[in-house]
2 protein chains.
Amino acid sequence: MMTFWQLTNAAGVYRIIYANDCTISERSNEQGNKMTVTIFDVAKEANVSASTVSRVLNNKSTISENTVRRVYEAAERLGYEPNILAQSFRKQETRTILILTPNMTNPYYSNILSGISDTTRSLFYSSFICKTDWNREEMSNILGMMKKRHAEGAILLACEMGEEDWLLRYAKDNPIILCSEFNPDTSIPHISIDNYKATVEAIKYLISLGHTKIGTISSVNNYLSTQLRLKGYKDALAAAGIEFHPEYIEYASKDYSYRSGCASARKLLSLEDRPTALFCISDVLAIGAINTAAEMGIKVPEDLSVIGFDDVEQTAMFSPKLTTVAQPCYELGKKSAELLITALNQSEDVPLETVLPYQLILRESTGSPVIIKEESI
Amino acid sequence: MMTFWQLTNAAGVYRIIYANDCTISERSNEQGNKMTVTIFDVAKEANVSASTVSRVLNNKSTISENTVRRVYEAAERLGYEPNILAQSFRKQETRTILILTPNMTNPYYSNILSGISDTTRSLFYSSFICKTDWNREEMSNILGMMKKRHAEGAILLACEMGEEDWLLRYAKDNPIILCSEFNPDTSIPHISIDNYKATVEAIKYLISLGHTKIGTISSVNNYLSTQLRLKGYKDALAAAGIEFHPEYIEYASKDYSYRSGCASARKLLSLEDRPTALFCISDVLAIGAINTAAEMGIKVPEDLSVIGFDDVEQTAMFSPKLTTVAQPCYELGKKSAELLITALNQSEDVPLETVLPYQLILRESTGSPVIIKEESI
DNA sequence: CTGAAAGCGCTTACAG
DNA sequence: CTGAAAGCGCTTACAG
C-alpha cells in the first residue's frame with residue numbers, strides 16, 4: 001500500500017509527501033546492486049514524460065485524471081521514492097531552519113525546543129538546534145550557515161537586548177524570529193507573553209493578600225522580560241500607593257541560577273524590615289528563595305509568600321507547591337516555528353509582534369501575611 | 001579575510017570548510033541581482049579548469065603549489081562559497097543524522113542530546129532531534145527518513161528491550177547506535193555505563209554503612225538498565241549474606257515520574273519492618289522518596305538513607321544533597337555521535353560495546369543507620 | 001599534475 | 001493537457 005500525503009497551507013498545496021509503508025519492489029541490475037528508481041523510470045512505465053510525472057507528484061497544473069492514475073500506479077509498481085537531495089538541489093531549498101538556544105538542558109528552553117521541533121517536523125522541515133552559550137561569535141557562525149545555504153531561516157531564543165544591530169545583517173537575507181526575548185525597537189518579528197501585565201497581575205495579587213512589603217529577585221541580565229518585570233513590579237506598587245524600597249530589589253545571575261537565587265533571598269530576608277512577599281522572575285530563583293527561607297527558619301507561606309515565573313514542570317517536586325506565572329513554553333516554540341515557516345513560504349509579511357497568554361497559577365507558596373501587632377509606646 | 005578550515009580525522013583530511021567572515025565582493029548583473037559565484041567562475045579567474053578548483057578545495061590528489069595558491073586567491077577574490085546543496089546532491093550524502101528520543105525535556109535526555117548536538121556540529125554534521133514518546137510507529141516513521149535519503153544514520157536513546165527485531169531492518173542499511181539502553185543480545189553497537197557494577201557498588205556502600213534493610217525503587221519499564229540494576233541489587237545483598245525481602249522492591253512508572261516515586265516510597269516506608277536505606281534507579285524517584293519520608297516524619301539521612309541514579313543537575317536544588325550514581329550524560333551523547341560518524345565515514349566496524357565510567361557520588365542523603373537497641377525478653 | 005565531459009535526479013520555462 | 005530540453009553546481013572517472 002502506498003499513500004500520498006498532502007500538506008496544505010493558506011497558499012494551497014505546496015508539497016506532496018509520498019509514503020510507502022509496505023514491501024516495495026526493488027529492482028536490481030545484474031550485479032545485484034540496487035538501482036535507484038528515478039522519475040524517468042516511472043515516466044517510461046506510465047508512458048508519459050518525466051515532466052508529467054513531476055507535475056503529477058507535485059500537484060502542479062491540471063492533468064488528466066487518467067494520466068494521474070497511470071503515474072501513481074507506475075510509481076507504486078516501481079516503488080519510486082523521490083530523491084530529496086535532487087529536489088533540494090534543484091529548488092535550492094533546504095527546508096531546514098536554525099534554532100539558536102543558550103543551552104538545551106534548561107527546562108524553559110527545552111520545552112520551547114520541543115514545541116519548535118514537533119512543529120517543524122509536522123510541516124516537513126528540519127530544525128537544527130544549536131547551543132550558543134550566549135556567545136555572540138558562536139551565534140554569528142551559526143547564522144552564517146544560512147548564507148552557506150545550510151538553512152533558510154532561524155529562531156533565536158533568549159536574544160539579549162543590544163544584539164539588534166548585527167542581527168539585522170542576517171535578518172535582511174533570511175527570515176528570523178525572536179522567541180521570548182527581543183529588543184522593543186526591533187524590526188524583527190518576535191513572540192512572547194506580556195511580561196509587564198503578567199507581573200502587574202502577580203504583584204496585585206500579593207497586594208490583595210494584604211502584603212505591602214514586597215521584594216523582588218530580578219537578574220543582572222539584559223533581557224527585555226527582566227526589564228519589563230521590574231517595571232511591572234514598580235508600577236504595580238506605585239499604583240497601590242505603596243512606597244518603593246530600593247533595598248527590596250536584588251539581582252540574581254544572568255542565567256537565574258539556583259545558587260544566586262539563594263544568595264539574593266538571603267540578602268532580602270536578612271533586611272531589618274524584611275519583605276513578607278517575594279516576586280521572583282524565575283521558578284528556580286523562587287525555589288532558591290523558599291529553601292533559603294527554610295534555612296533561616298522563615299516559613300512559606302506563613303511568614304513569607306513567594307511567586308515564581310515560568311511554571312516549568314520540574315518545580316512539581318517541591319513543597320510548598322509554587323505559585324507562579326505560567327508561560328506557554330511549548331506553544332511559544334510551536335508558534336515561532338509556524339511564523340518562521342510562514343515567512344519562508346510566502347512573501348507575505350509575518351506580524352511583527354505576537355503575544356501569547358500567560359496564566360497566574362495560585363498554589364501553596366503564597367498567603368496573607370501574618371499580622372504582627374504593632375507595639376505602640 | 002577568508003579562512004579555510006580543515007577537519008581531520010583518523011582517515012585523514014576529509015572536508016575543507018571555507019569560511020568568509022568579512023565583507024565579500026558580491027558580483028551583480030545589470031539587473032542588480034546577486035549572481036552566484038560558481039566553481040566555474042573561480043576556474044576562469046584562476047585560469048584552470050573547474051575540476052582543478054574542485055580538487056584544490058577538497059584536497060584531492062596532489063596539485064602544484066602554484067595552482068593551489070592561484071585557486072585560493074581567485075576564490076577569495078570572488079567571494080566563492082561552495083554550494084552545499086549541489087555537493088550533497090552530487091555525493092548523495094546529507095551529512096545528517098537522526099536522534100530519536102522519548103522526549104526532549106527530561107534532563108537526562110536533554111544532557112545526552114546536548115552532547116550529541118555539540119559533537120555532530122563540530123564534525124560538520126547536522127542532527128535532527130525527533131521526539132518519539134516511546135511510540136514504535138513514530139520511531140519507524142522517523143527511521144524511514146533514512147531510506148528517503150533525509151539522513152544517513154541514527155542514534156536511539158532509551159531503546160527498550162524487545163525493539164530489536166524491527167530495528168534490524170533499518171540497521172542493515174544505515175548505521176545505528178543505541179545510547180544508554182539496548183538489548184544484551186543485540187548486534188547493533190551500543191554505549192552505556194556498567195549498570196550492574198554501579199549498582200553493586202552503591203549497595204555495597206550502603207552495606208558498609210551498616211545497613212541490612214535495604215529496599216529499592218525500580219520501574220515497570222523494560223530497559224536493560226532497570227533489569228541490571230535490580231540484579232545488581234539482589235546480587236550485592238546476596239554476596240553480603242543479607243536475606244532478600246521481596247517486599248523491599250517497589251516498581252515506579254516507566255518514565256520514573258516523581259509521583260510514582262512518592263507512591264513507591266510510601267509503600268516501602270509503611271512496611272512494618274521498613275527499610276533503613278533505599279536505592280532508587282533515578283534521581284527523581286529518589287527525591288520523591290526523600291520528600292515522602294519527610295512527610296511521614298522520617299528523617300534523611302538519620303532514619304533513612306537514599307541513593308539516586310543519574311546525577312542530573314536539577315537535584316542540586318534539594319536538601320539534603322543527593323548521594324547518587326553519576327552517569328556521564330553529555331559524554332554518552334558525545335561518544336554516540338562520534339561512533340556513528342565513524343561508522344558513516346569508514347566501512348571500518350565500530351565496536352559493538354562501549355562502556356563509559358560511572359561515579360558513585362557521596363553527598364548528604366546517606367549515612368549509617370541509627371542503631372536501635374533490640375529489646376530482649 | 002590537469003582538463004573535457006558526463007552525469008547525479010529533478011523541475012520548469014517554453015512550445016505546442 | 002503534455003513533451004523535449006535545458007540546467008541547477010558540483011564531483012569524478014577517464015584520458016593525457
Side-chain angles (χ1 to χ4, degrees), chain A residues 13-18 27 33-71 74-75 78-95 147-150, chain B residues 13-18 27 33-71 74-75 78-95 147-150:
Chain A
V13 177
Y14 64 79
R15 170 156 276 208
I16 293 200
I17 298 296
Y18 182 115
R27 307 181 317 154
N33 298 329
K34 270 177 225 157
M35 283 180 62
T36 326
V37 179
T38 74
I39 210 167
F40 280 88
D41 299 317
V42 177
K44 199 185 294 168
E45 179 84 8
N47 253 305
V48 294
S49 73
S51 335
T52 300
V53 175
S54 173
R55 287 192 197 101
V56 169
L57 265 28
N58 291 287
N59 253 17
K60 289 279 176 66
S61 75
T62 41
I63 305 199
S64 83
E65 213 174 296
N66 180 36
T67 308
V68 170
R69 190 181 40 71
R70 288 220 313 287
V71 169
L78 264 33
Y80 170 74
E81 306 242 14
N83 185 315
I84 291 171
L85 259 16
Q87 286 177 328
S88 298
F89 167 56
R90 185 51 241 251
K91 303 200 223 155
Q92 289 294 308
E93 66 170 30
T94 56
R95 290 189 86 80
K147 179 186 287 196
K148 294 190 173 64
R149 277 160 292 215
H150 245 124
Chain B
V13 175
Y14 65 80
R15 170 156 277 206
I16 293 202
I17 297 295
Y18 181 116
R27 305 182 319 155
N33 298 329
K34 268 177 225 155
M35 285 181 62
T36 326
V37 179
T38 74
I39 210 168
F40 280 89
D41 300 317
V42 178
K44 198 184 295 171
E45 180 83 9
N47 252 308
V48 294
S49 73
S51 335
T52 300
V53 175
S54 174
R55 287 192 197 99
V56 169
L57 264 28
N58 291 286
N59 254 18
K60 289 278 176 65
S61 76
T62 41
I63 306 200
S64 83
E65 211 174 300
N66 179 34
T67 308
V68 170
R69 190 180 41 71
R70 286 220 315 286
V71 168
L78 264 32
Y80 170 73
E81 306 242 12
N83 185 316
I84 291 171
L85 259 15
Q87 286 177 329
S88 298
F89 168 58
R90 182 54 240 253
K91 302 201 221 152
Q92 288 293 307
E93 67 170 30
T94 56
R95 291 190 86 80
K147 179 185 287 197
K148 296 192 171 62
R149 278 158 292 214
H150 245 125

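A, B, ... follow the sequence lines: proteins, then strands. Residue 1 opens every chain. Note that the structure is predicted; figures quoted are calculated from it, not measured.
Below the 3.5 angstrom threshold, one finds no donor paired with an acceptor across the side chain of A/Arg149 and the base of D/dG9. At a cut-off of 3.5 angstrom, counting only N and O atoms as typed in the model, there is a donor on one side and an acceptor on the other between the side-chain of B/Arg55 and the base of C/dG3.
Listed candidates were C/dT11, C/dC10, D/dC10. Nearest to the side chain of A/Pro82 is C/dC10. Considering only the side chain of B/Ile39, D/dC10 comes nearest among D/dC10, C/dG3, C/dG9. Relative to the side chain of A/Phe40, the nucleotides D/dG3, D/dC10, C/dC10 differ in distance, and C/dC10 lies closest. Listed nucleotides: C/dA5, C/dT12, D/dC10. Nearest to the side chain of A/Ser51: C/dT12. Closest to the side chain of B/Tyr80, out of C/dT11, D/dC10, D/dG3, is D/dC10.
Pair check for D/dA13 finds none; no Watson-Crick or G-U wobble contact set falls under 3.5 Å.
Checked options B/Asn59, B/Leu57, B/Ile63; the residue passing with B/Val68 is B/Ile63 (criterion: side-chain contact (heavy atoms from CB on, under 4.5 Å)).
The separation between B/Arg90 atom CZ and D/dC10 atom P is 12 Å, rounded to whole Å. A straight line from CD of A/Gln87 to C1' of C/dC10 spans 7 Å, rounded to a whole angstrom. The nearest whole Å value for the distance from the CG atom in B/Asn59 to the P atom in D/dC10 is 17 Å. As a whole-Å value, the separation of B/Phe89 CZ from D/dT12 C1' is 14 Å. The CG atom of A/Leu85 sits 16 Å away from the P atom of D/dG9 (whole-angstrom rounding). For the pair B/Ile84 CD1 and D/dC8 P, the interatomic distance rounds to 19 Å; values are reported in whole Å. Distance B/Glu93 CD to D/dT11 P: 10 Å, rounded to the nearest Å. In this structure, A/Asn47 atom CG and D/dT2 atom C1' are separated by 13 Å, rounded to whole Å.
No donor-acceptor pair under 3.5 Å is formed between the side chain of A/Ser54 and the backbone N or O of A/Ala50. Of the possible polar contacts, none joining the A/Arg149 side chain to the B/Ala86 backbone as a donor-acceptor pair under 3.5 Å is found. Side chain of A/Thr38 to main chain of A/Phe40: a donor-acceptor pair is present (N/O by atom type, distance under 3.5 Å, no hydrogens or angles).
A/Ser64 comes within contact range of the sugar-phosphate backbone alone, with a heavy-atom separation under 4.0 Å but no base atom that close.
A/Thr38 has no side-chain polar atom (N or O) that falls below the 4.0 Å cut-off from OP1 or OP2 of C/dG9. In terms of phosphate contacts, B/Lys60 brings no side-chain nitrogen or oxygen within less than 4.0 Å of OP1 or OP2 of D/dT11. Residue B/Thr36 places at least one side-chain N or O closer than 4.0 Å to OP1 or OP2 of D/dG9. OP1 or OP2 of D/dC8 has not a single side-chain nitrogen or oxygen of B/Asn83 nearer than 4.0 Å.
Along DNA chain C, the nucleotide nearest to B/Thr67 and the one nearest to A/Thr52 differ in position, and the one closer to the 5' end is contacted by B/Thr67.
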